[in-house]
Q: 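Right, I'll just put the structure down here and ask away after.
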Amino acid sequence: RAIVRDIDNLEKENPSIKPQPVPDVDPTVFEMRFLRRIRDLGEGHFGKVELCRYDPRGDRTGELVAVKSLKPENRDEQCNNLSSEINILKALYHENIVKYKGICQEEGGQAIKLIMEYLPLGSLKEYLPRNKSKTSLSTLLSYSIQICEGMEYLGSHFYIHRDLAARNVLVENERTVKIGDFGLTKSIKDNEGYYTVKDDNDSPVFWYAPECLTQCKFYLASDVWSFGVTMYELITYCDSSKSPMTLFLGMIGRSQGQMTIIRLVKVLQEGRRLPRPETCPEPVYDLMRRCWEQSPDGRISFKCLIAELSTMLK
Ligand code: ADP
Ligand code: MG
């Protein structure tokens, strides 16, 4: 008690040492008025991602962040998706998953924005075609392992991604990639093991496993199928003339809407798959094929993929 009295006296004599009350701010709440838009980073089906500087001091010393919002035309129907993306991303901590920073809510609390770390090199889809010469096959295999590590972590938390593709894998630096875009991610109850989609208007069909196309069912093994397609994209350096869509359309012929899905299902059922890219070694193509087994149960797991890919890298 004597010490406390001494401190009180000291504080009375020196008002400046009196501890200031700690401001009650949540570092994950970003204020709209301090968020300065710099440029667009990209957009997908529903959302739009912008590069911004969060600059509360207004002297351009603030940090750069990536800000995701919904396109105005999707505001109403997709609002729940962005909220669920925010809640999922908030709970994930993994070196191969993009870091959540917080949210920003417009005055009045209407539109919500997701604030995440900014990765200057963009997605693999932008990065790979421009950096072919410095990206060796072993680097591509290392990226593949990292994607599997992120997916394995996601699956261990009972989430299915449902939109794994090179456009949704971000590049941190020459050596490191991270999974981004959790907009279509859904939680599964472990007793169900799959998730059923209701509206599939905007599905990335050429990355989808047969059961997703025919029954709208998504299992962890459906993500494995999409991973195989993603690995195919990596090996082709995301060359659009060899993209999954270009090749599948070549196989099924041009058509529209439901017809595309029906024809795609048919060629897959006949056992036809994306071909081995010229530069792809047989054992690597063999792994892709094991991701593309018709039956979900027959597919390789992310754990096995990590093991097999790691052996190839040795
Ligand atoms: P959508 O749900 O609309 O598909 P994404 O989250 O996939 O939105 O983002 C769209 C594009 O924006 C990505 O393909 C990528 O090019 C860019 N992007 C997204 N997040 C980041 C980030 N954190 N840093 C840098 N670029 C990003
Ligand atoms: Mg996307």
Side-chain angles (χ1 to χ4, degrees), residues 28 30 35 37-54 63-90 92-104 111-131 143 146-147 150-151 154 159-174 176-186 197 199-208 223 226-227 229-230 233-234 237-238 240 243-245:
T28 68
F30 289 69
L35 211 52
R37 181 183 169 280
I38 297 177
R39 64 185 165 86
D40 286 349
L41 288 173
E43 53 183 77
H45 297 302
F46 317 112
K48 169 172 156 180
V49 180
E50 293 174 328
L51 172 63
C52 295
R53 189 187 294 285
Y54 190 66
E63 65 174 336
L64 295 175
V65 290
V67 180
K68 183 166 185 171
S69 53
L70 291 170
K71 293 183 197 166
E73 62 270 29
N74 295 315
R75 280 274 151 81
D76 298 329
E77 70 261 38
Q78 292 301 326
C79 169
N80 289 337
N81 270 356
L82 186 61
S83 303
S84 88
E85 176 169 9
I86 290 171
N87 285 325
I88 290 169
L89 200 52
K90 215 189 217 171
L92 300 176
Y93 304 92
H94 191 274
E95 55 209 328
N96 302 116
I97 289 180
V98 69
K99 270 200 205 92
Y100 166 85
K101 279 186 163 301
I103 54 160
C104 181
I112 195 166
K113 292 172 192 263
L114 162 64
I115 317 281
M116 55 190 153
E117 63 174 332
Y118 165 55
L119 302 188
L121 298 174
S123 79
L124 279 175
K125 192 149 186 184
E126 291 119 20
Y127 177 85
L128 283 181
R130 290 189 204 134
N131 294 278
Y143 292 166
Q146 295 173 43
I147 298 169
M151 291 304 295
L154 201 62
Y159 285 121
I160 304 182
H161 189 285
R162 302 204 303 142
D163 198 12
L164 186 55
R167 62 181 175 273
N168 291 329
V169 178
L170 302 170
V171 182
E172 163 135 276
N173 57 47
E174 280 174 36
T176 320
V177 294
K178 295 182 166 189
I179 302 169
D181 194 358
F182 291 83
L184 291 177
T185 303
K186 297 287 161 172
V197 234
D199 72 297
D200 55 345
N201 288 335
D202 240 335
S203 300
V205 290
F206 301 105
W207 279 255
Y208 274 4
D223 275 342
S226 307
F227 169 77
V229 182
T230 306
E233 293 184 277
L234 263 59
Y237 293 91
C238 294
S240 59
S243 80
M245 183 173 95

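Atoms within each ligand, like the ligands themselves, are counted from 1 in listed order. Everything quoted here is computed from the prediction, not taken from an experiment. Counting begins at 1 with the first residue of the sequence.
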Q: Give the single entry among Glu117, Arg167, Lys99, Glu172 that approaches atom 14 (O) of ligand 1 most closely by any heavy atom.
A: Arg167
Q: Calculate, to the nearest 0.5 Å, the distance between atoms CG and CD1 belonging to Leu35 and Ile115 respectively.
A: 5.0 Å
Q: On a heavy-atom basis, I'd like to know which of Leu170, Val171, Leu119 is closest to atom 25 (C) of ligand 1.
A: Leu119
Q: Using a 4.0 Å cutoff against the non-hydrogen atoms of Glu126, which atoms of ligand 1 qualify?
A: 16 (O)
Q: Are there over 12 heavy-atom neighbours, none belonging to Lys178, within less than 6.0 Å of that residue's NZ?
A: yes
Q: Considering distance alone, does some N or O of Asp181 sit under 3.5 Å from an N or O of ligand 1?
A: yes
Q: Taking backbone and side chain together, does Asn168 place any N/O/S atom at a distance below 2.8 Å from the Mg ion (ligand 2)?
A: yes
Q: Identify, for atom 9 (O) of ligand 1, the protein heavy atom at the shortest distance, and state residue, atom and that distance.
A: Val49 CG2, 3.3 Å
Q: To the nearest 0.5 Å, what is the distance between NZ on Lys101 and CD on Glu63?
A: 4.0 Å
Q: Ignoring angles and geometry beyond distance, decide whether Tyr118 reaches within less than 3.5 Å of ligand 1 through its nitrogen or oxygen atoms.
A: no
Q: Only counting residues at least two apart or in another chain, list the ones meeting side chain to side chain contact (heavy atoms under 4.5 Å, CB included) with Asn168.
A: Asp163, Asp181
Q: Below 3.5 angstrom, do we get any N/O pair linking Gly47 and ligand 1?
A: yes
Q: Decide, counting backbone as well as side-chain atoms, whether Asp163 has an N, O or S atom less than 2.8 Å from the Mg ion (ligand 2).
A: no
Q: Pairs of nitrogen or oxygen atoms closer than 3.5 Å, one from Lys48 and one from ligand 1: do any exist?
A: no
Q: So if I count the atoms of ligand 1 from 1 in the order they appear, which ones are less than 4.0 Å from some heavy atom of Leu41?
A: 12 (O), 16 (O), 17 (C), 25 (C), 26 (N)
